[in-house]
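Ligands are counted one by one from 1 in listed order, and the atoms in each one are counted from 1 as well.
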Amino acid sequence: MRTKGFDIAIIGGGVIGLTLARALDDRGAKIAVIDAGPAIPPATRAAAGMLAPSFEYGEEFGGPADAVYHLGACSLSMWADYAAALEEETGGFVDYRNNGSLGLAYRDAQTAALTEQALRVQSLGGDVEMISGDEARKLEPSLSGNVAAALHAPKDTQVDPRRVAAALTASLERRGVEIIKARVLSMGDGDASHHFVTVEGDSYEAEKIVLAAGAVSGLTPMGLVYPVKGEAAAIAGDGVITRVLRAPGAYLCPKAEGRVVIGATEEIGPFDHHSVSPAAIAGLRANAARAVPAFEAATELERWAGLRPGTPDGAPIMGIDEKGRYLALGHYRNGVLHAPATAEAVAALILGETPPIDLAPFSPARFSSGRDG
Ligand code: GLY
(Lines give C-alpha, C1' and ligand atoms only; values in the text may rest on other atoms or scores of the structure.)
Protein backbone atom coordinates (compact mmCIF):
# COMPACT_ATOMS: atom_id res chain seq x y z
CA MET A 1 0.00 0.00 0.00
CA ARG A 2 1.45 3.40 -0.98
CA THR A 3 1.34 6.06 1.73
CA LYS A 4 0.57 9.61 0.73
CA GLY A 5 1.93 12.43 2.89
CA PHE A 6 0.82 15.91 3.94
CA ASP A 7 2.03 18.59 6.29
CA ILE A 8 -1.35 18.69 7.96
CA ALA A 9 -4.33 16.35 7.66
CA ILE A 10 -7.69 17.57 8.91
CA ILE A 11 -10.11 14.74 9.70
CA GLY A 12 -13.56 16.19 9.23
CA GLY A 13 -15.21 18.00 6.33
CA GLY A 14 -17.74 20.10 8.25
CA VAL A 15 -17.61 23.84 8.69
CA ILE A 16 -14.86 23.61 11.34
CA GLY A 17 -12.58 21.43 9.19
CA LEU A 18 -13.18 23.48 6.04
CA THR A 19 -12.67 26.90 7.64
CA LEU A 20 -9.55 25.62 9.38
CA ALA A 21 -8.20 24.29 6.07
CA ARG A 22 -8.78 27.70 4.49
CA ALA A 23 -7.04 29.49 7.37
CA LEU A 24 -4.06 27.13 7.14
CA ASP A 25 -3.91 27.54 3.37
CA ASP A 26 -3.80 31.32 3.92
CA ARG A 27 -0.59 30.62 5.85
CA GLY A 28 0.94 28.43 3.13
CA ALA A 29 0.61 24.96 4.69
CA LYS A 30 0.12 21.81 2.57
CA ILE A 31 -3.16 20.42 3.86
CA ALA A 32 -5.61 17.66 3.11
CA VAL A 33 -9.17 17.44 4.41
CA ILE A 34 -10.59 13.96 4.93
CA ASP A 35 -14.36 14.11 4.49
CA ALA A 36 -16.49 11.06 5.22
CA GLY A 37 -19.10 11.98 2.61
CA PRO A 38 -22.91 11.73 2.62
CA ALA A 39 -23.20 8.50 4.62
CA ILE A 40 -21.83 10.38 7.66
CA PRO A 41 -22.70 14.00 6.97
CA PRO A 42 -21.29 16.74 9.18
CA ALA A 43 -23.52 18.61 11.61
CA THR A 44 -23.12 21.56 9.24
CA ARG A 45 -25.47 19.94 6.76
CA ALA A 46 -28.27 19.90 9.35
CA ALA A 47 -27.54 23.27 10.97
CA ALA A 48 -29.82 26.30 10.73
CA GLY A 49 -26.97 28.82 10.61
CA MET A 50 -28.11 31.12 13.42
CA LEU A 51 -25.15 33.24 14.50
CA ALA A 52 -26.46 34.00 17.95
CA PRO A 53 -24.00 34.11 20.85
CA SER A 54 -26.61 35.70 23.12
CA PHE A 55 -28.80 32.62 23.02
CA GLU A 56 -26.47 29.65 23.03
CA TYR A 57 -23.44 29.72 25.29
CA GLY A 58 -24.00 26.63 27.37
CA GLU A 59 -24.84 28.27 30.70
CA GLU A 60 -26.91 25.22 31.62
CA PHE A 61 -23.89 22.87 31.58
CA GLY A 62 -21.89 24.65 34.29
CA GLY A 63 -18.84 24.86 32.01
CA PRO A 64 -16.85 27.89 30.86
CA ALA A 65 -19.99 29.73 29.67
CA ASP A 66 -18.35 33.18 29.74
CA ALA A 67 -15.56 31.92 27.47
CA VAL A 68 -18.10 30.30 25.12
CA TYR A 69 -20.04 33.56 25.00
CA HIS A 70 -16.89 35.56 24.18
CA LEU A 71 -15.80 33.01 21.55
CA GLY A 72 -19.23 33.38 19.95
CA ALA A 73 -19.18 37.17 20.11
CA CYS A 74 -15.68 37.27 18.62
CA SER A 75 -16.64 34.91 15.81
CA LEU A 76 -19.90 36.80 15.19
CA SER A 77 -17.84 39.96 14.67
CA MET A 78 -15.81 38.13 11.99
CA TRP A 79 -18.73 36.70 10.05
CA ALA A 80 -19.71 39.72 7.91
CA ASP A 81 -16.23 40.00 6.41
CA TYR A 82 -15.83 36.23 6.25
CA ALA A 83 -19.06 35.79 4.29
CA ALA A 84 -18.19 38.65 1.93
CA ALA A 85 -14.68 37.30 1.29
CA LEU A 86 -15.99 33.81 0.65
CA GLU A 87 -18.56 35.09 -1.82
CA GLU A 88 -16.04 37.31 -3.57
CA GLU A 89 -13.50 34.50 -3.84
CA THR A 90 -15.89 31.86 -5.13
CA GLY A 91 -18.78 33.73 -6.73
CA GLY A 92 -21.00 31.75 -4.33
CA PHE A 93 -23.83 33.00 -2.15
CA VAL A 94 -23.98 32.20 1.56
CA ASP A 95 -27.20 34.08 2.43
CA TYR A 96 -25.66 36.21 5.18
CA ARG A 97 -28.38 38.26 6.94
CA ASN A 98 -27.74 40.80 9.66
CA ASN A 99 -31.14 41.85 10.96
CA GLY A 100 -31.02 40.24 14.39
CA SER A 101 -33.19 37.76 16.20
CA LEU A 102 -36.08 37.69 18.64
CA GLY A 103 -36.54 35.27 21.52
CA LEU A 104 -40.27 34.98 22.21
CA ALA A 105 -42.29 34.59 25.40
CA TYR A 106 -46.00 33.88 25.81
CA ARG A 107 -46.16 33.48 29.57
CA ASP A 108 -44.76 35.32 32.60
CA ALA A 109 -42.32 32.54 33.43
CA GLN A 110 -40.90 32.66 29.89
CA THR A 111 -40.63 36.46 30.05
CA ALA A 112 -38.82 36.16 33.38
CA ALA A 113 -36.36 33.62 31.94
CA LEU A 114 -35.65 35.82 28.91
CA THR A 115 -35.23 38.88 31.14
CA GLU A 116 -32.68 37.00 33.25
CA GLN A 117 -30.90 35.92 30.06
CA ALA A 118 -30.87 39.53 28.77
CA LEU A 119 -29.31 40.76 32.03
CA ARG A 120 -26.68 38.00 31.90
CA VAL A 121 -25.79 38.77 28.28
CA GLN A 122 -25.67 42.52 29.01
CA SER A 123 -23.26 41.77 31.88
CA LEU A 124 -21.05 39.95 29.35
CA GLY A 125 -21.09 43.02 27.07
CA GLY A 126 -23.84 41.91 24.69
CA ASP A 127 -26.23 44.31 22.98
CA VAL A 128 -29.67 42.87 23.80
CA GLU A 129 -32.89 44.28 25.22
CA MET A 130 -36.31 43.13 26.35
CA ILE A 131 -39.19 44.51 24.31
CA SER A 132 -42.97 44.16 24.59
CA GLY A 133 -45.11 41.90 22.44
CA ASP A 134 -46.38 44.93 20.52
CA GLU A 135 -42.84 46.12 19.87
CA ALA A 136 -41.96 42.64 18.63
CA ARG A 137 -44.99 42.68 16.30
CA LYS A 138 -43.82 46.03 14.89
CA LEU A 139 -40.61 44.25 13.90
CA GLU A 140 -42.40 41.09 12.74
CA PRO A 141 -46.06 41.81 11.93
CA SER A 142 -46.94 38.15 11.40
CA LEU A 143 -46.18 37.25 15.03
CA SER A 144 -49.09 35.88 17.04
CA GLY A 145 -51.01 38.24 19.32
CA ASN A 146 -50.11 35.79 22.11
CA VAL A 147 -46.47 36.86 22.11
CA ALA A 148 -46.20 38.85 25.33
CA ALA A 149 -42.54 39.90 25.28
CA ALA A 150 -39.33 39.26 23.42
CA LEU A 151 -35.59 39.35 23.86
CA HIS A 152 -34.30 41.42 20.93
CA ALA A 153 -30.73 40.68 19.84
CA PRO A 154 -30.28 43.20 17.00
CA LYS A 155 -26.67 42.21 16.23
CA ASP A 156 -27.39 38.50 15.69
CA THR A 157 -26.94 37.38 12.11
CA GLN A 158 -27.38 34.18 10.12
CA VAL A 159 -26.05 32.30 7.11
CA ASP A 160 -27.16 29.25 5.19
CA PRO A 161 -24.76 26.50 6.37
CA ARG A 162 -25.13 24.36 3.26
CA ARG A 163 -24.32 27.32 1.06
CA VAL A 164 -21.37 28.16 3.33
CA ALA A 165 -20.09 24.59 3.04
CA ALA A 166 -20.43 24.69 -0.76
CA ALA A 167 -18.56 28.00 -0.93
CA LEU A 168 -15.82 26.75 1.41
CA THR A 169 -15.42 23.63 -0.72
CA ALA A 170 -15.21 25.77 -3.87
CA SER A 171 -12.65 28.02 -2.16
CA LEU A 172 -10.47 25.07 -1.15
CA GLU A 173 -10.70 23.51 -4.62
CA ARG A 174 -9.64 26.79 -6.24
CA ARG A 175 -6.67 26.91 -3.87
CA GLY A 176 -5.67 23.34 -4.69
CA VAL A 177 -6.35 21.99 -1.20
CA GLU A 178 -7.00 18.27 -1.45
CA ILE A 179 -10.38 17.08 -0.15
CA ILE A 180 -10.25 13.31 0.14
CA LYS A 181 -13.60 11.56 0.28
CA ALA A 182 -12.84 8.74 2.68
CA ARG A 183 -13.68 7.39 6.11
CA VAL A 184 -10.89 6.97 8.60
CA LEU A 185 -10.70 3.40 9.87
CA SER A 186 -7.74 3.63 12.23
CA MET A 187 -5.07 6.04 13.35
CA GLY A 188 -1.57 5.54 14.67
CA ASP A 189 1.22 7.78 15.84
CA GLY A 190 4.89 7.58 15.00
CA ASP A 191 7.74 9.56 16.51
CA ALA A 192 7.44 12.44 14.08
CA SER A 193 4.21 11.84 12.23
CA HIS A 194 0.67 10.57 12.44
CA HIS A 195 -0.72 8.00 10.08
CA PHE A 196 -4.15 6.70 9.31
CA VAL A 197 -5.83 4.14 7.14
CA THR A 198 -9.20 4.62 5.50
CA VAL A 199 -12.12 2.25 5.06
CA GLU A 200 -11.38 2.53 1.34
CA GLY A 201 -7.97 0.92 1.97
CA ASP A 202 -5.68 3.94 1.51
CA SER A 203 -2.89 4.92 3.83
CA TYR A 204 -1.87 8.49 4.72
CA GLU A 205 0.78 10.17 6.78
CA ALA A 206 0.85 13.71 8.12
CA GLU A 207 3.28 15.65 10.23
CA LYS A 208 0.34 17.12 12.07
CA ILE A 209 -3.18 15.85 12.36
CA VAL A 210 -6.34 17.68 13.39
CA LEU A 211 -9.46 15.93 14.64
CA ALA A 212 -12.43 17.98 13.49
CA ALA A 213 -14.85 15.13 12.95
CA GLY A 214 -17.52 16.29 15.38
CA ALA A 215 -19.58 13.52 16.87
CA VAL A 216 -18.12 10.74 14.74
CA SER A 217 -17.57 7.96 17.19
CA GLY A 218 -14.26 6.17 17.39
CA LEU A 219 -12.29 9.23 16.35
CA THR A 220 -13.03 11.47 19.28
CA PRO A 221 -10.54 11.61 22.11
CA MET A 222 -11.45 9.99 25.40
CA GLY A 223 -15.05 9.55 24.25
CA LEU A 224 -15.68 13.17 25.14
CA VAL A 225 -17.73 14.21 22.16
CA TYR A 226 -21.10 12.59 21.88
CA PRO A 227 -23.94 12.90 19.37
CA VAL A 228 -26.95 15.08 20.14
CA LYS A 229 -29.41 14.37 17.41
CA GLY A 230 -31.51 17.18 15.97
CA GLU A 231 -34.43 16.93 13.58
CA ALA A 232 -35.64 19.87 11.51
CA ALA A 233 -37.73 20.84 8.50
CA ALA A 234 -38.05 23.57 5.93
CA ILE A 235 -41.40 25.05 4.94
CA ALA A 236 -42.42 27.50 2.23
CA GLY A 237 -42.98 30.98 3.62
CA ASP A 238 -41.69 33.67 1.33
CA GLY A 239 -41.69 37.07 3.07
CA VAL A 240 -43.74 35.96 6.09
CA ILE A 241 -40.93 36.65 8.57
CA THR A 242 -37.72 38.60 8.07
CA ARG A 243 -35.49 37.64 10.99
CA VAL A 244 -34.71 34.62 13.18
CA LEU A 245 -37.44 33.88 15.72
CA ARG A 246 -36.72 31.70 18.73
CA ALA A 247 -40.08 30.60 20.03
CA PRO A 248 -40.68 28.15 22.88
CA GLY A 249 -40.18 24.72 21.30
CA ALA A 250 -39.00 25.83 17.85
CA TYR A 251 -36.83 28.33 16.05
CA LEU A 252 -37.73 29.76 12.68
CA CYS A 253 -35.08 31.02 10.23
CA PRO A 254 -36.05 32.70 6.96
CA LYS A 255 -33.70 31.74 4.13
CA ALA A 256 -33.33 32.46 0.43
CA GLU A 257 -35.90 31.25 -2.10
CA GLY A 258 -38.73 31.48 0.43
CA ARG A 259 -37.54 28.64 2.65
CA VAL A 260 -38.08 28.87 6.39
CA VAL A 261 -36.03 26.43 8.45
CA ILE A 262 -37.81 25.19 11.56
CA GLY A 263 -35.72 23.41 14.17
CA ALA A 264 -34.81 21.51 16.09
CA THR A 265 -35.25 18.59 18.43
CA GLU A 266 -32.53 17.48 20.86
CA GLU A 267 -31.88 13.85 21.69
CA ILE A 268 -28.65 12.52 23.15
CA GLY A 269 -27.57 9.74 20.81
CA PRO A 270 -28.33 7.57 18.93
CA PHE A 271 -25.62 7.56 16.26
CA ASP A 272 -28.26 8.05 13.58
CA HIS A 273 -27.74 10.84 11.10
CA HIS A 274 -30.72 10.26 8.93
CA SER A 275 -34.03 9.08 10.37
CA VAL A 276 -36.71 11.68 11.02
CA SER A 277 -39.79 11.03 13.12
CA PRO A 278 -43.13 12.42 11.92
CA ALA A 279 -44.05 13.23 15.54
CA ALA A 280 -40.91 15.35 15.99
CA ILE A 281 -41.61 17.38 12.88
CA ALA A 282 -45.30 17.76 13.80
CA GLY A 283 -44.24 19.10 17.22
CA LEU A 284 -41.82 21.61 15.72
CA ARG A 285 -44.41 22.74 13.21
CA ALA A 286 -47.07 23.20 15.91
CA ASN A 287 -44.67 25.28 17.99
CA ALA A 288 -43.70 27.35 14.94
CA ALA A 289 -47.35 27.95 14.04
CA ARG A 290 -48.10 29.03 17.59
CA ALA A 291 -45.59 31.86 17.09
CA VAL A 292 -46.54 32.62 13.49
CA PRO A 293 -50.09 31.39 12.74
CA ALA A 294 -49.60 32.01 9.00
CA PHE A 295 -47.32 28.96 8.97
CA GLU A 296 -50.03 26.57 10.12
CA ALA A 297 -50.76 25.15 6.66
CA ALA A 298 -47.45 26.01 4.99
CA THR A 299 -46.10 23.47 2.53
CA GLU A 300 -43.26 21.35 3.85
CA LEU A 301 -40.25 21.42 1.54
CA GLU A 302 -37.87 19.07 3.30
CA ARG A 303 -37.15 17.34 6.60
CA TRP A 304 -33.82 16.07 7.88
CA ALA A 305 -31.76 15.02 10.87
CA GLY A 306 -28.18 15.56 11.99
CA LEU A 307 -25.84 15.02 14.90
CA ARG A 308 -24.49 17.90 16.95
CA PRO A 309 -21.17 17.24 18.66
CA GLY A 310 -21.96 17.63 22.36
CA THR A 311 -19.40 17.83 25.17
CA PRO A 312 -19.83 17.28 28.92
CA ASP A 313 -19.59 20.99 29.75
CA GLY A 314 -21.19 22.42 26.61
CA ALA A 315 -17.95 24.05 25.44
CA PRO A 316 -15.86 23.16 22.41
CA ILE A 317 -12.55 21.35 22.62
CA MET A 318 -9.59 23.12 21.04
CA GLY A 319 -6.01 22.30 21.78
CA ILE A 320 -3.60 19.37 21.71
CA ASP A 321 -4.28 15.94 23.17
CA GLU A 322 -1.85 13.61 24.89
CA LYS A 323 -0.95 12.02 21.55
CA GLY A 324 0.05 15.34 20.02
CA ARG A 325 -3.05 15.56 17.86
CA TYR A 326 -4.76 18.91 17.42
CA LEU A 327 -8.43 19.05 18.32
CA ALA A 328 -11.08 21.36 16.92
CA LEU A 329 -14.39 19.76 17.74
CA GLY A 330 -17.32 19.60 20.13
CA HIS A 331 -18.91 22.90 19.09
CA TYR A 332 -22.32 21.41 19.93
CA ARG A 333 -25.01 23.90 18.77
CA ASN A 334 -22.58 26.56 17.57
CA GLY A 335 -20.22 25.13 14.97
CA VAL A 336 -21.22 27.57 12.25
CA LEU A 337 -21.06 30.57 14.60
CA HIS A 338 -17.71 29.55 16.06
CA ALA A 339 -16.03 28.52 12.81
CA PRO A 340 -14.15 31.70 11.76
CA ALA A 341 -12.68 32.33 15.23
CA THR A 342 -11.92 28.63 15.75
CA ALA A 343 -10.15 28.47 12.40
CA GLU A 344 -7.94 31.47 13.15
CA ALA A 345 -7.13 30.31 16.67
CA VAL A 346 -6.42 26.66 15.85
CA ALA A 347 -4.45 27.55 12.70
CA ALA A 348 -2.26 29.84 14.81
CA LEU A 349 -1.82 27.14 17.45
CA ILE A 350 -0.79 24.55 14.85
CA LEU A 351 1.74 26.86 13.24
CA GLY A 352 3.27 28.01 16.50
CA GLU A 353 1.78 31.49 16.44
CA THR A 354 -0.08 33.11 19.32
CA PRO A 355 -3.80 32.38 18.92
CA PRO A 356 -5.91 35.54 18.72
CA ILE A 357 -8.20 34.19 21.44
CA ASP A 358 -7.31 32.46 24.70
CA LEU A 359 -7.76 28.74 24.11
CA ALA A 360 -7.09 27.72 27.72
CA PRO A 361 -10.79 27.34 28.66
CA PHE A 362 -11.25 24.97 25.71
CA SER A 363 -8.22 22.76 26.31
CA PRO A 364 -8.89 18.98 26.35
CA ALA A 365 -6.84 18.91 29.56
CA ARG A 366 -9.83 20.32 31.42
CA PHE A 367 -11.37 16.84 31.35
CA SER A 368 -8.29 15.07 32.70
CA SER A 369 -8.75 13.70 36.19
CA GLY A 370 -6.82 15.43 38.93
CA ARG A 371 -6.42 18.65 37.00
CA ASP A 372 -6.87 21.74 39.15
CA GLY A 373 -9.55 24.21 38.15
N1 GLY B 1 -28.01 26.00 17.03
C2 GLY B 1 -29.23 25.40 16.76
C3 GLY B 1 -29.28 23.94 16.93
O4 GLY B 1 -28.29 23.30 17.25
O5 GLY B 1 -30.34 23.39 16.75
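- Considering only non-hydrogen protein atoms, atom 4 (O) of ligand 1 sits nearest to R308 NE, 2.6 Å.
- Using a 4.0 Å cut-off between heavy atoms, Y332 makes no contact with ligand 1 at all.
- Considering only non-hydrogen protein atoms, atom 5 (O) of ligand 1 sits nearest to Y251 OH, 2.6 Å.
- Cluster membership for L224 and V184, using ILVMFWY side-chain heavy atoms within less than 4.5 angstrom, is shared.
- Follow the hydrophobic side-chain contacts under 4.5 Å out from V336 and you never reach Y251; the two are in separate clusters.
- If you check which protein heavy atom lies closest to atom 1 (N) of ligand 1, you get R333 O, 2.8 Å.
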Practice problem: Applying ring-ring contact (aromatic ring centres under 6.0 Å, His included), run through Y82 and Y96 and close with a yes or a no. | Solution: CA-CA 10 Å; Y82 198 87; Y96 175 82; over 10 Å; no

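- Residue-environment remark: CZ (R107) stays at or below the threshold of 12 foreign heavy atoms within 6.0 Å.
- With ligand atoms numbered from 1 in the order given, ligand 1 contributes 5 (O) to contacts under 4.0 Å with heavy atoms of A264.
- Counting only heavy atoms from C-beta outward, the side chains of F196 and L185 never approach each other to under 4.5 Å.
- Contact annotation for E56 and ligand 1: only side-chain heavy atoms (C-beta onward) come within less than 4.0 Å of the ligand.
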